[in-house]
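The shown structure was predicted, so the numbers you read here are calculated from the model rather than taken from an experiment. We name chains A, B, ... by the order of the sequence lines, and we start the count at 1 in each one.
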Amino acid sequence: MNNIRNFCIIAHIDHGKSTLADRILEITGLIRKASMEQMLDSMDLERERGITIKAKSVRIPYRSPSGAEYVLNLIDTPGHVDFNYEVSRSLNACEGAVLLVDATQGVEAQTIANANLALDAGLKIIPVINKIDLPGAMIDDCSLQLYSMLGLPIEDMLHVSAKDGTGVPGLLEAIVDRIPPPVGEASGLLRCLIFDSFYDSYRGVIPHLRVFTGEIKPGDRIMLKSTQKDFDVEEVGYFSLGLAQSGSLKAGEVGYAVALIRDAGEIRVGDTVVAADHPEVEAIPGFRLSQPMVYCGVYPIITSDYAKLGTALEKFKLNDSSVTFEKESSAALGWGYRMGFLGLLHMEIALERLKREYEQEIIATMPSVVYKVVSKNGDVLMLDNPSKFPPEGQIDHIEEPMIRARIIVPAGFVGPCMELAEAKRGTLASMEHPDDRRAILSYDLPLAEMITDFYDRLKSVSRGYASMDYEMSGYRAADLVKVDILVNNGQVDALSYIAPRDRAAVKGKALIYRLSKVIARHQFKIPLQAAIGSQIIARADIYPMRKDVLAKCYGGDITRKRKLLEKQKEGKKKMKMVGFVEVPQEAFLSLMKIEE
Amino acid sequence: MTGLYIHIPFCRSKCYYCDFYSLAGNTELLGSYVDALLKEVQIHSGMAFDTLYIGGGTPSLLDVAGLEKLAEGLHQHFDLSGLREATIEANPESACPAFMQAALKCGFNRLSLGAQSLNDGELAKAGRIHTSAQALEAVKTAIKSGFSNVSTDVIIGLPGQTEVSLEDTINRLAESGVSHLSAYCLSVEEGTPFACRPPRDLPDDDRQADLYTKACGLLKGHGFIHYEISNFALPGKESLHNLNYWKGGEYLGLGPFSASYLDGRRVKNIATLQEYLDNPLSCRLEEDSVSATARPAEEAMLRLRLLEEGLDLRLLERKYGMDNVCGLETRLEELAVRKLLVRQDNSYRLASDAVLIANQAFAQVIE
């Protein structure tokens, strides 16, 4: 066990984590040079977005120049704030972390967030400054930032170029020298951490495990602590570039176990695996069920596709157990599902995958956070759907979820960033100046503001320089109202939204304006209204379509005319019928895009 | 009913809105074109027709000899004993008295004249090469020569057109003695000069709607029946040949880019003029396969263009079979609920306020 090193690479987005992983695999000889770009990100969507969504890991045999043989387990971590909990679990499976910083960008918000998570997990941190081959590299500045912002000793810092491999052999030596080997007795009672899982259609859900004590092998009967359910182990192994079967996994090792687990909900990241005959072994601390923060309605465009969508969601959940879904019905959209996500990015990725990989034609409604609605009779309702809100007269007060956002921004952009945060109802908790060029702003912000366009706006007011990270920080009372949208005098429940009272009208006008642009003219006049209760706060009309007719239909070329009509009909299929009004998909996301 | 359409793809010059298959100039090829047509006629030898329509292009570019040769060939190879209507199109600048005399002599009993507008400014801006005076003169000559059924085309939505100028055009044409009038809303087609350089005073859809509504009212006042979306006729003067298209009847089209509908097959000849001249018998045909349920739907779409007569569902059931019509009936019912159609017993008609947005209904009617 002394020759095992379990480590991860943590970094802000685009600081070169995947490139470094590729280079390590290449230099250790596990893959041939450039045989495959960025091995660890195997999902198409991940590569497209440059984000690692699901943690994966790989076992790397490493022969040190000293001649010693090591086994390095590189555990990949998701790189976005939505997946913080998954990151912390992955970190718990390691003894050390490579903290990667882009020399041209410096320390960013997620650098700090991830570093803090790693320190909390008690990991040995190896600070690494990457991209030193680039002309804009500011190695000294980065070193100072790592020292002043995270307290990391300058002499510990390594300088590498993951792209061309410079410094990577030194990093491998640092990993085996500085990161401690795992401790824990293979002869002890079985205790493993589940830090990830994936779904195989033949073998069920396959958990990724870190064994802390004991040994797991085929034929063992294991128990999951959180559910107390037993399973028989059929196969264990570790991750080479694919799955490599092995006789057992012992204390300190990282690998997988096949135990014919059909229900993805059984395998919960952070859960502890013990031997079924020793249920008394204590769970590894820190487990919690991942809690969706953002919800939206997902509806089939064609109402009768509802059952098909349900089947697709079941399958989807096998691959991504952090989403939740349950049936809901909307007066406007018919039957559909309410889906829960870890955050906005998670939502966007999940919806995109539903469309692409699962070929579902869907409409997603405005995302919503979970509001705590306290009614006058003292009932407390947790509501993730504005259309479920009780009438205003019955509400005593509403509380909304808050976040603590940490924004790192160059000094020149502090003003615009503060203006933005304040416009989004943020209150400044603290401002620090780790050096004379950058500021760290800590804001308490409503999560609801965060899930609209806050991040995009932050990037735009700072010309891309600001970076941000956030964590949930509880609930706070706010003066919120529900605004209903009426299309052609019928309320469209899927368009209802919650807004601060003093901004409800401005938002309502902006939304009505946008709707008036995306809904096409019909044969009749369509009034669009925004209302709080019975009070109309905004109105616009879509005037009737005057002319849509094929004038000439003679000469006998009927085919051409019919094809034009078929094209028109095809366009209509992408619309959702709300009453007699054809509403395009983008209407349901209009609210997100409004500029106030 | 079976119709015969013959395409004459020659024009003296192309109008700025036109995307029909027709070539400017080349009139010296007209003689050999008639010969080519007559070769194509021979493959269909023996067919009988109820209506004949020679369109274009500009059929009035045919000289008397060419016209007579064509007519003779048609009579020789086809059974035209039951012919109820024979129309020939003419353009004002080439519709001379000699042409009209010859047309009458050849058995044509209906003349369709491309007047388009009686405003010289509008005509010039649309690339028309005649004046309003020539157009009115041609109508007069036609009637004087003995045509009892003269139709004129009018375009709604020409650049610079106003309600006043349109009213003048409609009134003067209606009073000139025409018995039929086609009023087409201008559509800017890809590849035409209007599409490449849209005139600034091109009326938009809303303006077109106003102009169209105006034209309908005026023509009604002159005693014309609005029998099809774009067509108006004095009682009994509806175009039989075009009615056949709208009622799902069969027809044979001859010439390049002409369409035929025979034995339930829609076929289009997609040869260019040169290819056609080289060998009219080896033209490439493009067939549009229409499924058993799409066919009645297509006919329904066409029949709904007939504003007075509408669509009798029973008739489609008899023609295509119950099974192929029931899906269509559901869609028609939906459209009645949406008030785009009006149902009366087993007949559907376009609602009067839905005529201008008929595509909304048609797109639903087709499969």
Side-chain angles (χ1 to χ4, degrees), chain A residues 301-305 332 334 487-490 492 516-527 540-585, chain B residues 3 5 7 20 53 55 155-157 182-187 204-210 212 228-231 239 241-242 244-246 251 253 257-261 266 268 286 288 290 294 297-298 301-302 305 337-340 351 353-360 362-367:
Chain A
I301 289 185
I302 298 164
T303 318
S304 55
D305 283 349
V487 173
N488 202 24
N489 300 314
V492 181
S516 74
K517 296 291 160 215
V518 297
I519 297 174
R521 290 165 75 174
H522 281 54
Q523 67 185 106
F524 41 82
K525 181 165 104 176
I526 305 170
D541 290 326
I542 299 174
Y543 289 97
M545 170 199 306
R546 296 293 309 285
K547 184 196 155 241
D548 177 22
V549 63
L550 292 173
K552 288 198 184 183
C553 197
Y554 75 151
D557 192 357
I558 311 295
T559 303
R560 185 171 157 203
K561 309 295 176 193
R562 197 190 63 235
K563 290 200 168 140
L564 285 171
L565 291 169
E566 278 167 1
K567 216 166 137 194
Q568 186 167 358
K569 184 168 191 162
E570 210 45 49
K572 278 176 191 281
K573 278 191 190 151
K574 299 212 163 72
M575 307 268 194
K576 189 79 200 175
M577 289 302 291
V578 175
F580 287 132
V581 181
E582 289 160 356
V583 182
Q585 296 173 59
Chain B
Y5 176 81
H7 193 54
F20 273 35
Y53 195 108
I155 296 177
I156 287 174
S182 301
Y184 299 114
C185 288
L186 181 80
S187 63
D204 64 10
D205 279 356
D206 283 8
R207 289 286 305 135
Q208 275 200 10
D210 292 336
Y212 175 89
E228 194 265 353
I229 291 176
S230 307
N231 285 278
S239 162
H241 182 82
N242 285 334
N244 185 50
Y245 291 141
W246 300 318
Y251 49 88
F257 286 92
S258 61
S260 298
Y261 182 47
R266 291 206 179 281
K268 195 164 151 187
E286 193 178 71
D288 170 30
V290 186
E298 190 181 80
M301 179 266 283
L302 291 166
R305 299 188 65 90
V337 172
R338 287 173 58 193
K339 298 198 165 59
L340 285 161
D353 56 0
V355 174
L356 262 170
I357 54 167
N359 279 3
Q360 294 285 309
F362 294 162
Q364 203 57 40
V365 169
I366 59 158
E367 219 173 29

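- Looking at B/Ile156, there are no atoms closer than 4.5 Å to chain A (heavy atoms on both sides), in backbone or side chain.
- Ion pairing between B/Asp206 and A/Arg521 holds under the 4.0 Å rule for side-chain N and carboxylate O.
- Heavy atoms closer than 4.5 Å to chain A are found in both the backbone and the side chain of B/Asp210.
- Heavy atoms closer than 4.5 Å to chain A are found in the side chain of B/Glu298, but not in its backbone.
- The minimum heavy-atom distance between A/Val549 and B/Val355, with the atom names listed, is CG2-O, 3.7 Å.
- Nearest heavy atoms, A/Arg546 versus B/Leu356: O-CB, 3.3 Å.
- With sequence neighbours left out, A/Gln568 forms a side chain to side chain donor-acceptor pair (under 3.5 Å) with A/Asp548.
- The shortest non-hydrogen separation linking B/Ile357 to A/Lys547 is CG2-N, 4.0 Å.
- Comparing B/Lys339, B/Arg338, B/Glu286 by how many heavy-atom pairs each has under 4.5 Å with chain A, the most go to B/Arg338.
- The CD atom of A/Gln523 sits 3.5 Å away from the CG atom of B/Leu340 when rounded to the nearest 0.5 Å.
- The most heavy-atom pairs under 4.5 Å with chain B, out of A/His522, A/Arg560, A/Lys563, come from A/Arg560.
- Here the side chains of A/Asp557 and B/Phe257 are not in contact, with every heavy-atom distance at 4.5 Å or above.
- Only the side chain of B/Ile229 comes within less than 4.5 Å of a heavy atom in chain A; its backbone stays farther off.
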Check your understanding: Do B/Gln360 and A/Met545 pass the side-chain contact (heavy atoms from CB on, under 4.5 Å) test, and can you show the C-alpha distance, the side-chain angles, and the key distance before you say yes or no?
Key -> CA-CA 10 Å; B/Gln360 294 285 309; A/Met545 170 199 306; 3.2 Å; yes
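- Using a 4.5 Å cut-off between heavy atoms, A/Glu570 makes no contact with chain B at all.
- Rounding to the nearest 0.5 angstrom, the gap separating the CD1 atom in B/Ile366 from the CD1 atom in A/Ile558 is 12.5 Å.
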